[in-house]
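Predicted model only: the values in this text are computed from it and were never measured. Chain A is the first sequence line, chain B the second, and so forth, proteins listed ahead of strands; every chain is numbered from 1.
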Amino acid sequence: MPAPLQLTLPDGSVREMPAGTTGAQLAASIGAGLAKAAVGIVNDDKQQDLSEPLKSGPVRILTLKDAEGLDIARHSATAQALAAAVKEMFPGTKLAIGPTIDDGFYYDVDFSEAKRPLSADDLPALEAKMREVLATDAPITRELWAPEDLKAHFTKTGDTYKNEIIDGAIEKGQLIDGKVSVYRNEKTGFIDLCVGPHVPHLGLVPASFALSSLAGAYWRGDSANQQLTRIYGRLFATQKELDAYLHMRAEAEKRDHRKIGPALDLFHFQDIAPGQAFWHARGWSIYTELTNYMRHQLDTAGYEEVNSPQLVHKSLYEASGHWENYFEDLFLVKEEREGVVKDIYSLKPMNCPCHVQIFNFGIKSYRDLPLRMAEFGSCMRNEAHGALHGLMRVTGFKQDDAHIFCTEDQMMEESARFCELLHAVYQDLGFTDYFVKLSTRPDKRVGSDDVWDKAEAALAEACKNSGLGYVLSPGDGAFYGPKLEFVLRDCIGRDWQCGTLQVDFNTAARLGAHYTTESGERLAPVMLHRAILGSLERFIGILIEQYEGKFPLWLAPVQAMVVPITDHQNTYAEEVAATLRHALPTATGGLRVEVDDSSERMQKKILLAQQQKIPYMLVVGAKEAEAGTVAVRLRDGTDLGAMPLTTLTQRLKDELSARQ
RNA sequence: GCCGACAUAGCACAGUGGUAGUGCAGUGGUUUUGUAAACCAAAGGUCGGGAGUUCAAAUCUCUCUGUCGGCACCA
């Protein structure tokens with residue numbers, strides 16, 4: 001007689017059950033309600049099916065209220081309902097993989113041998129079919145198959161991608177006693193390869209889901225492979241949560257910088273210059289303020305600003321390695337004479353090789369290091385067309401770019417100082433929840449492994465010293481060195497690299513940069529490539545979404561709108577505007593004040609200023625003109641009442657310096 | 001670049017083979033107004049570009065460009 005199980009419940013109590021007890025039996029022994037709601041169980045820190053026997057140790061029964069339980073339901077929805085529905089409605093399709101994601105699930109399916117491709121119009125019917133499958137409440141049972149038998153099965157059903165997954169599992173030694181787990185729908189016999197767990201019966205998958213969109217996706221994430229059709233779905237425990245999620249998405253889309261930007265007259269895009277913003281006066285004032293702010297920050301931190309050429313001979317990029325690594329993305333300019341190409345130049349795709357040229361001018365000694373060289377240089381990259389995305393991913397952009405030339409000994413301190421500066425800047429700009437990615441050596445790279453070891457260790461150490469937690473992203477480094485990426489999130493949850501710190505032991509040496517050490521040796525300096533905002537375009541895109549266009553006073557394109565009540569106050573309004581413009585300096589000149597002298601009624605003028613998200617509305621009527629005051633109304637509707645201009649100026653001055 | 005979709009007035013949209021529409025914005029006029037939309041009028045379009053089918057194309061087909069959702073890429 002095997003020893004009974006000792007099961008520790010989440011409340012700390014211990015329950016003794018006979019050996020062989022399953023999760024389902026445990027749930028039933030606790031309560032009928034729990035038994036009905038259970039979708040899986042965590043036993044001994046491992047998720048498993050309710051049908052599996054338990055081991056002694058901690059147990060936690062999962063329902064849709066647990067994140068893991070919801071994940072199981074999402075998993076069953078895609079693998080058992082969506083997959084089965086696709087196979088039934090579209091003969092000839094081949095199933096690939098169907099994992100869960102943050103808000104739901106997707107399934108990748110090969111439609112190349114189906115009668116026609118899947119279109120978004122098919123989603124409602126597909127979703128209805130899923131609901132039919134779920135409504136059968138079919139039991140889902142786990143089975144272990146010999147790999148060869150299972151491969152024969154999938155060969156028969158045409159799902160040959162599954163066989164590749166099985167082969168991969170064999171290779172990685174992931175079999176369970178030489179077998180592979182599958183899940184079977186007991187009513188239809190549909191079988192999907194899966195490690196599980198799954199809900200015990202389909203009735204437990206909530207009806208609160210929706211197929212949301214279609215996309216292309218490469219098999220195994222490799223563009224050399226077949227492209228599959230990815231079907232996305234969202235699933236939550238209750239309809240209320242699904243509705244709340246969809247509502248949140250709809251609200252988030254209103255913050256989209258691609259909508260707000262043109263609506264606020266900040267910038268626009270046009271076919272004649274894909275991926276390059278036309279910056280309007282109002283958008284450019286933000287650009288100017290931000291650049292000016294960064295310039296001050298860099299100056300204080302001991303950087304010197306330079307400017308390098310726009311169009312550079314290809315030999316520089318051949319020497320740096322960029323020609324080989326990014327040839328496709330260079331904008332080339334051919335110099336032709338009488339039909340013969342004499343020379344090829346490239347629009348500058350990044351500043352670093354040019355900065356090395358400046359470094360190389362004259363002999364450098366260890367006394368010159370660290371040398372911090374900054375440039376708000378204009379760069380052009382011919383990005384893959386499908387990659388372009390508003391201001392976030394563009395072909396033409398400027399960065400708050402700088403390269404720190406330093407000795408190996410100085411590298412750590414410089415990295416720490418950079419992380420500190422970045423943090424201070426992000427705080428000023430209202431970003432506190434950025435996250436950090438450490439991207440390590442890619443397959444295609446230059447330099448020896450021990451140099452990479454050193455560079456990667458330096459970045460990890462820098463994070464540690466600055467108290468930054470990071471996510472490791474293996475293989476995502478630049479070809480010349482590893483990098484820290486400082487990532488910000490846009491309104492619809494997409495992540496964008498903004499700041500970066502890269503340790504480069506290769507480029508300086510490749511381009512012949514060196515300095516004389518104390519002992520008279522000639523050594524190549526270490527280069528730290530770093531940016532805080534990253535692409536100004538991208539950063540402004542993020543800022544627009546962060547503030548929903550309601551910029552803090554110092555960044556606001558129009559900082560105050562003077563609203564005369566009748567045209568008798570137009571002259572006074574102009575005087576007020578002129579006084580304020582002269583009273584307070586900004587990066588674009590004086591305070592950015594406009595007067596709405598249109599013949600609209602005041603109510604309409606306020607509405608328009610509000611829609612333009614102008615922080616201050618200064619209403620002037622006969623009373624104000626008489627008293628030499630303005631009636632101050634804020635963007636949020638607050639009425640501060642009438643005040644003398646000097647009071648207002650002080651208030652604005654304080655607000656500007658606080659950058660709020 | 002790849003898969004799927006989309007492109008109609010400045011903006012938001014309607015129009016599925018037979019005379020190109022609505023609202024807002026813009027323009028002209030009237031109104032002189034106290035904290036989120038005054039009134040009237042006229043105007044505004046090579047229906048993204050090109051080719052084709054048809055008596056006839058915004059509408060169907062092909063192609064190019066751009067955009068959107070993803071994938072891949074991101075120095």
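- Rounded to whole Å, the P atom of rA37(B) lies 43 Å from the corresponding atom of rA5(B).
- Here rG1(B) presents its C1' atom at 15 Å from CG of N225(A), a figure rounded to the nearest Å.
- Across rC40(B) and rU35(B), the matching P atoms stand 23 Å from one another, rounded to whole Å.
- For T566(A) and Q270(A), each mapped to the nucleotide of RNA chain B holding its nearest heavy atom, the one lying further toward the 5' end belongs to T566(A).
- Using Watson-Crick or G-U wobble geometry with both donor-acceptor distances under 3.5 Å, rG52(B) finds its partner in rC60(B).
- The shortest side-chain heavy-atom distance between F551(A) and L266(A) falls under the 4.5 Å cut-off.
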Subject >> Sequence-aligned protein contact record of nucleotides 34-41 of chain B, with B where the base is within under 4.0 Å of a protein heavy atom and S where only the sugar-phosphate is >> reply: BBBBB---
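- Comparing rG52(B) with rG44(B), their C1' atoms sit 32 Å apart, to the nearest whole Å.
- Taking atom P on both nucleotides, rA7(B) is separated from rC60(B) by 10 Å, rounded to a whole Å.
- rG4(B) atom P lies 18 Å from atom CG of L211(A), rounded to whole Å.
- Note that CZ of F479(A) is 4.5 Å distant from CG of N325(A), once rounded to the nearest 0.5 Å.
- Between the side chain of Q357(A) and the backbone N or O of P353(A) there is at least one donor-acceptor pair closer than 3.5 Å.
- H568(A) has no side-chain polar atom (N or O) that falls below the 4.0 Å cut-off from OP1 or OP2 of rU32(B).
- At a threshold of 4.0 angstrom between heavy atoms, the contacts of D567(A) include nucleobase atoms, whether or not backbone atoms are also involved.
- rC68(B) is paired with rG4(B) under the Watson-Crick or G-U wobble criterion, all donor-acceptor distances under 3.5 Å.
- When each of E253(A), K254(A), R255(A) is checked for a side-chain contact (heavy atoms from CB on, under 4.5 Å) with E251(A), only K254(A) meets the rule.
- rA41(B) and rA36(B) have their P atoms separated by 28 Å, with the value rounded to a whole Å.
- One finds no salt bridge joining D159(A) and K94(A) here, because no Lys/Arg side-chain nitrogen approaches an Asp/Glu carboxylate oxygen to under 4.0 Å.
- The nucleotide rG17(B) finds no pairing partner, because no Watson-Crick or G-U wobble arrangement with both distances shorter than 3.5 Å includes it.
- Rounded to whole angstrom, the span from the CG atom of L388(A) across to the P atom of rU65(B) amounts to 13 Å.
- The aromatic ring centroids of H403(A) and F359(A) lie 6.0 Å or more from each other.
- R510(A) places a side-chain N or O within donor-acceptor distance of the main-chain N or O of A319(A), the cut-off being under 3.5 Å.
- Across all strands shown, the partner of rC11(B) is rG23(B), judged by Watson-Crick or G-U wobble contacts whose two distances both fall under 3.5 Å.
- Rounded to whole Å, the C1' atom of rU59(B) lies 6 Å from the corresponding atom of rG17(B).
- Checking rU31(B) for Watson-Crick or G-U wobble geometry (two distances, each under 3.5 Å) identifies no partner in any strand.
- With respect to the salt-bridge test (charged N to carboxylate O, under 4.0 angstrom), the residues E414(A) and R530(A) do not qualify.
- With F236(A) as the aromatic partner, R74(A) meets the cation-pi criteria of under 6.0 angstrom to the ring centre and within 45 degrees of the ring axis.
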Subject >> Protein proximity profile, nucleotides 5-15 of chain B - base contact B, sugar-phosphate-only contact S, no contact -, cut-off 4.0 Å on heavy atoms >> reply: S------S---
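- The same atom, C1', is picked in rC47(B) and in rA14(B); the two are 13 Å apart, to the nearest Å.
- Taking atom CG on D122(A) and atom P on rC3(B), their separation rounds to 18 Å, with Å as the unit.
- Applying the Watson-Crick and G-U wobble criteria (two distances, each under 3.5 Å), rC47(B) pairs with nothing in any strand.
- Comparing the C1' positions of rU54(B) and rA58(B) gives an interatomic distance of 16 Å, to the nearest angstrom.
- Judged purely by atom type and a 3.5 angstrom limit, R381(A) has no side-chain atom pairing as donor or acceptor with the backbone of F397(A).
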**OP:** Test side chain to side chain contact (heavy atoms under 4.5 Å, CB included) on S308(A) and K348(A) and set out the steps.
**Re:** CA-CA 9 Å; S308(A) 61; K348(A) 173 168 74 174; 3.0 Å; yes
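- Taking the six-membered ring where tryptophan is involved, the planes of F111(A) and F90(A) are perpendicular, since the angle between them exceeds 60° and thus also 30°.
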Original post:
Which letter, B, S or -, goes with each nucleotide of nucleotides 69-75 of chain B from 5' to 3', with contact meaning a protein heavy atom under 4.0 Å?
Top reply: BBBBBBB
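- Applying the Watson-Crick and G-U wobble criteria (two distances, each under 3.5 Å), rA75(B) pairs with nothing in any strand.
- Using a 4.5 Å cut-off on side-chain heavy atoms (C-beta onward), H389(A) and R494(A) make contact.
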